[in-house]
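See below for the structure under consideration.
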2 protein chains.
Amino acid sequence: MDTFAALADPTRRNIFEYIVRGETSVGEIVERFSFKAPTISQHLKILKKAGLVQSRADKQKRLYTVRADGLAEVESWVQLQQKCMSERLDALEHHLSQ
Amino acid sequence: MDTFAALADPTRRNIFEYIVRGETSVGEIVERFSFKAPTISQHLKILKKAGLVQSRADKQKRLYTVRADGLAEVESWVQLQQKCMSERLDALEHHLSQ
DNA sequence: CGACTAATTAAGTCAATGGCTAAATATTCT
DNA sequence: AGAATATTTAGCCATTGACTTAATTAGTCG
């Protein structure tokens with residue numbers, strides 16, 4: 001759902017950074033981070049709902065990967081704001097040079 | 001402090017979007033949004049701590065503006081992740097074409 | 001089927017968040 | 001100084017968030 005909220009938690013960003021390196025099972029993530037399996041599972045659920053990761057089944061395991069377009073919303077928002085900022089800055093400079 | 005957490009709240013993003021359009025007093029923001037002054041004030045405090053906005057005094061009013069480099073951290077994080085993603089995608093394509 | 005592995009769901013705790021009203025703190029203006 | 005304006009701080013309450021342990025589901029393999 002809300003990508004920004006999903007990325008607000010540093011643990012979730014760390015998990016995302018880990019998954020972005022390649023397809024990862026839940027167990028692998030649990031091993032790397034000092035959190036219990038249910039905690040990781042909840043974070044993954046939130047990342048998934050936000051469209052940041054996806055999963056597929058392989059035997060008992062669930063393998064997670066990042067979604068290519070997951071960060072698009074955040075990126076475009078940030079860039080729109082920066083565009084507005086630079087436009088205002090340009091206008092200010094132009095005004096000052098008059 | 002934490003830019004991501006500051007941007008997690010949609011109201012704060014809206015406030016940021018409003019301020020990015022130009023220097024704005026607290027009262028102006030209170031008028032636009034249907035929240036009481038203390039609520040807006042708290043949001044501004046969080047945005048300020050995150051380095052996203054800054055303020056200056058003008059008579060009784062406090063005028064807020066966005067900080068040019070406020071979104072840099074978020075932008076660079078997003079772009080790093082996307083770089084990692086595209087590299088992995090390239091490697092995959094290369095591998096498949098062999 | 002039964003034991004095992006992998007992950008999720010359920011349920012509970014505790015801290016943090018986001019809203020409010022009321023009070024306090026400047027600052028300006030008469 | 002005293003009244004008015006603009007904003008912040010303090011305190012309260014309801015909701016959400018991030019963890020935990022225990023129980024449950026789902027899949028594998030002897």
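Note that the structure is a prediction, hence the values are computed from the model and not measured. Every chain is numbered from 1, with letters handed out A, B, ... down the list of sequences. The figures that follow rest on heavy atoms only: side chains count, while hydrogens, waters and symmetry mates do not.
- One can place OH of Tyr64(A) at 9 Å from P of dA7(C), the figure rounded to the nearest angstrom.
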Just distance, no hydrogens or angles: give the donor-acceptor pairs under 3.5 Å from side chains in residues 41-48 of chain B, sequence neighbours left out.
residue: His43(B); atom: ND1; partner: Arg12(B); partner atom: NH1; Å: 3.2
residue: Lys48(B); atom: NZ; partner: Ser55(B); partner atom: OG; Å: 2.7

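- Evaluation of the ring-ring contact (aromatic ring centres under 6.0 Å, His included) test over residues 47-75 of chain B, restricted to residues two or more places apart or in two chains, returns none.
- One finds the OG atom of Ser86(A) at 11.0 Å from the CD atom of Gln81(A) (value rounded to the nearest 0.5 Å).
- Pairs engaging residues 58-77 of chain B under the salt bridge (Lys or Arg N to Asp or Glu O under 4.0 Å) rule: Arg67(B)-Asp69(B) [sequence neighbours left out].
- Taking the side-chain hydrogen bond (donor to acceptor under 3.5 Å, both in side chains) definition, one finds that Gln60(A) meets it with nothing, sequence neighbours left out.
- Here chain B contacts DNA chain D (any atom closer than 4.0 Å to a heavy atom, that is under 4.0 Å), and the contacts span dT5(D) to dT9(D) from 5' to 3'.
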Extract all donor-acceptor atom pairs below 3.5 Å that involve side chains of residues 18-38 of chain B and protein atoms in other chains or at least two apart in sequence.
residue: Tyr18(B); atom: OH; partner: Arg32(B); partner atom: NE; Å: 2.9
residue: Glu23(B); atom: OE1; partner: Arg56(B); partner atom: NH2; Å: 3.1
residue: Glu23(B); atom: OE2; partner: Arg56(B); partner atom: NE; Å: 2.6
residue: Glu23(B); atom: OE2; partner: Arg56(B); partner atom: NH2; Å: 3.4
residue: Thr24(B); atom: OG1; partner: Gly22(B); partner atom: O; Å: 2.6
residue: Ser25(B); atom: OG; partner: Glu28(B); partner atom: N; Å: 3.2
residue: Glu28(B); atom: OE1; partner: Ser25(B); partner atom: N; Å: 3.3

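- A search for salt bridge (Lys or Arg N to Asp or Glu O under 4.0 Å) contacts involving Asp2(B) returns nothing, not counting sequence neighbours.
- Residues satisfying the salt bridge (Lys or Arg N to Asp or Glu O under 4.0 Å) criterion with Lys49(B), sequence neighbours excluded, are absent altogether.
- Pairs engaging residues 77-98 of chain A under the ring-ring contact (aromatic ring centres under 6.0 Å, His included) rule: Phe4(A)-Trp77(A), Trp77(A)-Phe16(B) [sequence neighbours left out].
- Atom pair Phe33(B):CZ and dG18(C):C1' shows a separation of 15 Å (rounding to whole Å applied).
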How does protein reach along nucleotides 20-30 of chain C, written 5' to 3' as B (base within reach of a heavy atom under 4.0 Å), S (only sugar-phosphate), or - (no contact)? BBB----BSS-
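- Only Ser25(B), Val26(B), Gly27(B), listed by number, bring a heavy atom of residues 11-29 of chain B to less than 4.0 angstrom from any atom of DNA chain D.
- Under the side chain to side chain contact (heavy atoms under 4.5 Å, CB included) criterion, Glu87(A) pairs with Lys83(A), not counting sequence neighbours.
- Regarding Leu44(B), its CG atom lies at a distance of 14 Å from the C1' atom of dG18(C), rounded to whole Å.
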